[in-house]
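Both counts, for ligands and for their atoms, begin at 1 and track the order of listing.
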Amino acid sequence: MSVFGHRLSAMRQWPDDRVAFGGDYNPEQWPREVWADDVRLMGEAGVSFVTLGVFSWSWLEPTKGEYEFGWLDDVMDLMHRHGIAVDLATATATPPPWLSAAYPEILPVDREGRTLWPGSRQAWCPSSPLYRDFALALTDRMATRYHDHPALAMWHVSNEYACHNLPCYCDTCAAAFRRWLERRYGDLDTLNEAWGTAFWSQRYTAWDDVLPPRLTTTFGNPTHVLDYSRFGSDTLLDFFLAEKEVIRRHSAAVPVTTNFMTMSQFRLLDYHDWAPHQDVVSTDHYVVDALEHPRAELSFHGDLTRGLAGGAPWMLMEHSTSAVNWQPVNPAKRPGDTLLDSLTHVARGADTLGFFQWRQSRSGSEKFHSALVPHAGEDSDRFREVCALGAVAGRLGELVGSRVEADVALLWDHEAQWAVAGPCMPSSALDYPTAAHTVHRLLRDRGVTCDVVHPDADLGGYRVVVVPTLYLVSDAAAAAVAAAAEAGAQVLVTYFSGISDPDDHVRLGGYPGAFRDLLGVRVEEFFPLRVGEQVALDDGGGGGGPGGSGGHGTVWSEDARTHGADVVHAYADGPLAGRPAVTRRTVGDGGAAWYLGTLPDDATLGRLLERVLGDAGVRPAAEVPAGVEVVRRRSAEGAWLFVLNHTDDDATLAVAGHDLVAGTDVGPTTTVAARTAAVIREA
Ligand code: GLA
Ligand code: ZN
């Protein structure tokens with residue numbers, strides 16, 4: 001049975017006898033002679049799927065209403081003859097030049113009122129009814145023509161929604177925003193109350209006076225800005241659903257997806273709203289070299305995507321074999337990193353390994369972006385590495401459909417992220433992901449896997465619940481966190497959580513309003529730390545002082561008093577010396593509520609997390625040397641231990657079974673070579 005539950009004997013199924021392996025294929029960039037070479041090399045590399053047509057609109061409809069499908073028919077047939085499944089794009093991600101020339105009103109407008117002209121990609125306003133009509137007409141043509149093609153295994157709607165065209169501040173968006181607000185608030189009194197417009201003379205008395213949060217003299221209204229983010233995400237989701245409905249009319253049995261951008265740098269869509277509408281959650285990921293911990297971010301991203309998929313396997317639609325071309329400097333991947341990166345995604349729940357793109361372009365904006373077939377051609381280390389990875393993907397078929405084991409939930413909320421990024425916060429150094437990424441990374445260092453989930457997710461069954469910087473939170477979500485502690489979980493809340501309600505109104509009576517009772521902590525005033533500033537911590541053991549045994553905090557501090565909580569660390573210097581920095585309150589039967597009022601250094605926070613894990617009875621997936629990542633996937637058929645050795649030394653661990661990467665039996669111990677990986681079906 002297909003993992004997507006769409007088995008129809010006449011139709012091509014998404015390949016699930018292996019971890020599906022392939023990527024974006026753009027044959028329109030190449031003469032036909034190259035296509036024959038493409039399929040030969042795809043066979044060598046073990047490619048089992050391609051994504052076709054993502055940016056093909058101007059090749060499918062070169063002038064208005066004139067269609068040229070012949071070339072795509074031929075490519076679809078070619079894929080079918082070679083047993084390669086097609087993820088077929090609706091081709092609506094970027095309009096052809098004739099469309100924007102004839103209807104310049106579809107072009108997006110930035111916050112400063114500047115039109116974003118064609119010449120790149122995705123130059124369309126998310127609210128434009130005109131653009132939508134043209135896109136739906138093309139989608140209809142695509143679905144009519146290809147719905148029963150034997151190569152078709154999935155529909156790929158548009159591409160990376162919002163990447164370049166959100167937010168748009170044009171007049172069409174202004175009108176659509178008003179309609180969205182009317183649906184949300186009903187009347188202007190309610191909107192005025194929600195936005196707090198008594199402040200700075202912003203009270204609205206006519207809907208037509210409401211505008212997008214365009215360039216202003218100084219800080220805009222934070223709830224106005226927050227609602228514009230909600231509006232943008234909803235608008236594009238509506239567009240996606242319209243395309244999906246057109247597809248469904250012709251093609252009821254083929255799964256439909258759109259590739260998310262769940263990388264932490266991308267913050268424009270609320271994927272928690274989008275995910276339930278995907279037949280399978282798919283996403284793209286690129287390693288961002290400038291991050292302090294790029295591979296920890298990669299792992300976080302996988303756990304977040306799995307959370308969006310409700311724990312089910314997901315598709316990695318795009319990643320890269322080596323360098324990208326959109327960072328200030330684009331380092332190539334070191335030998336081994338391609339395998340390690342890909343298997344990290346699989347470890348964290350991906351059942352598909354897709355790449356951008358099959359053959360590296362000769363021209364255009366992405367000609368220096370790596371691909372499966374590099375400019376150097378098949379006689380290259382990179383292509384040999386690709387073939388080796390394809391062979392490994394072929395051997396991983398037995399674990400397709402299995403689930404990742406995790407005892408820890410870490411809450412992630414796009415709305416809270418938007419709100420924290422809003423105007424005039426206590427500290428611009430306060431970045432929503434910092435606490436989440438830090439805790440996640442330190443747990444990963446300890447072999448402990450997190451499910452990164454929405455605050456509304458079911459928290460029952462988790463032994464540890466981490467609540468990082470959940471600044472904006474509903475009463476219901478706060479109650480669910482408290483209930484988890486009552487039920488016996490170790491709950492760890494970090495600074496700047498529970499501060500405001502969903503309208504971004506501060507919860508009064510002392511911070512962190514929504515979690516004050518649970519934590520037994522009441523904060524009177526924030527003392528954010530300057531960039532680079534540290535505050536010494538005292539753990540009661542005589543340590544303290546920067547570098548001392550009590551460690552130090554950065555980013556944040558606050559003037560807290562405990563009410564029924566124990567002080568684990570106090571501030572040892574600065575204006576808050578002697579006040580609580582880290583606290584713990586016993587809750588219910590064996591549960592506890594821990595609070596971090598600052599961000600302790602890695603060593604201090606790591607020790608604290610070890611206490612929390614110990615109290616929760618959470619064990620690592622395996623005992624391994626530092627720098628080796630371990631994750632376990634499990635199904636009714638068995639368990640698979642992923643061992644990802646990111647270090648320059650070989651790593652030995654106790655495990656017995658069969659290593660699917662090397663194709664060898666192992667046990668009672670095994671050694672995983674430096675900068676490589678093992679996937680062990682455990683005996
Ligand atoms: C995104 C897009 C691709 C390509 C890659 C490059 O993921 O979907 O078309 O531009 O980025 O990294
Ligand atoms: Zn617009």
Against heavy atoms of E160, which atoms of ligand 1 measure under 4.0 Å? 1 (C), 2 (C), 7 (O), 8 (O)

Residues E385, K333: salt bridge by 4.0 Å N-O rule: no

Hey, what's the angle at the Zn ion (ligand 2) spanning SG (C170) and SG (C168), nearest 10 degrees? 110°

Of all the atoms in ligand 1, which lie at a distance below 4.0 Å from a heavy atom belonging to F55? 9 (O)

Can an N or O of N325 be found at a distance shorter than 3.5 Å from an N or O of ligand 1? no

Atom 3 (C) of ligand 1 sits nearest the protein heavy atom E318 OE1, 3.4 Å

Pick one of side chain, backbone, both or neither for how N159 approaches ligand 1, counting any non-hydrogen atom pair under 4.0 Å. side chain

Distance to 0.1 Å, residue and atom name: give those for the protein heavy atom nearest to atom 6 (C) of ligand 1. H369 NE2, 3.1 Å

What angle sits at the Zn ion (ligand 2) between SG of C173 and SG of C125, to 10°? 100°

Give the atoms of ligand 1, by number and element, whose distance to some non-hydrogen atom of D284 is under 4.0 Å. 7 (O), 8 (O)

Which atoms from ligand 1 have a heavy atom of W326 less than 4.0 Å away? 6 (C), 12 (O)

SB check D171 R214 (cutoff 4.0 Å): yes

Ion pair check, D238 and R132, cut-off under 4.0 Å: yes

Is a salt bridge present between D270 and R230, judged by a nitrogen-to-oxygen distance below 4.0 Å? no

Look at atom 9 (O) of ligand 1 and say which protein heavy atom is nearest, naming residue and atom and giving the distance to 0.1 Å. R121 NH1, 3.1 Å

May I ask you to say whether D279 pairs ionically with R248, meaning some side-chain N is under 4.0 Å from a carboxylate O? yes

ring-ring contact (aromatic ring centres under 6.0 Å, His included) with Y228: which of W195, W180, F177? F177

Could you tell me whether D303 and R444 make a salt bridge, using a distance below 4.0 angstrom between a side-chain N and a carboxylate O? no

Of all protein heavy atoms, the one nearest atom 10 (O) of ligand 1 is E366 OE2, 2.4 Å

Using a strict threshold of under 4.0 Å (side-chain N to carboxylate O), is an ion pair present between R178 and E182? no

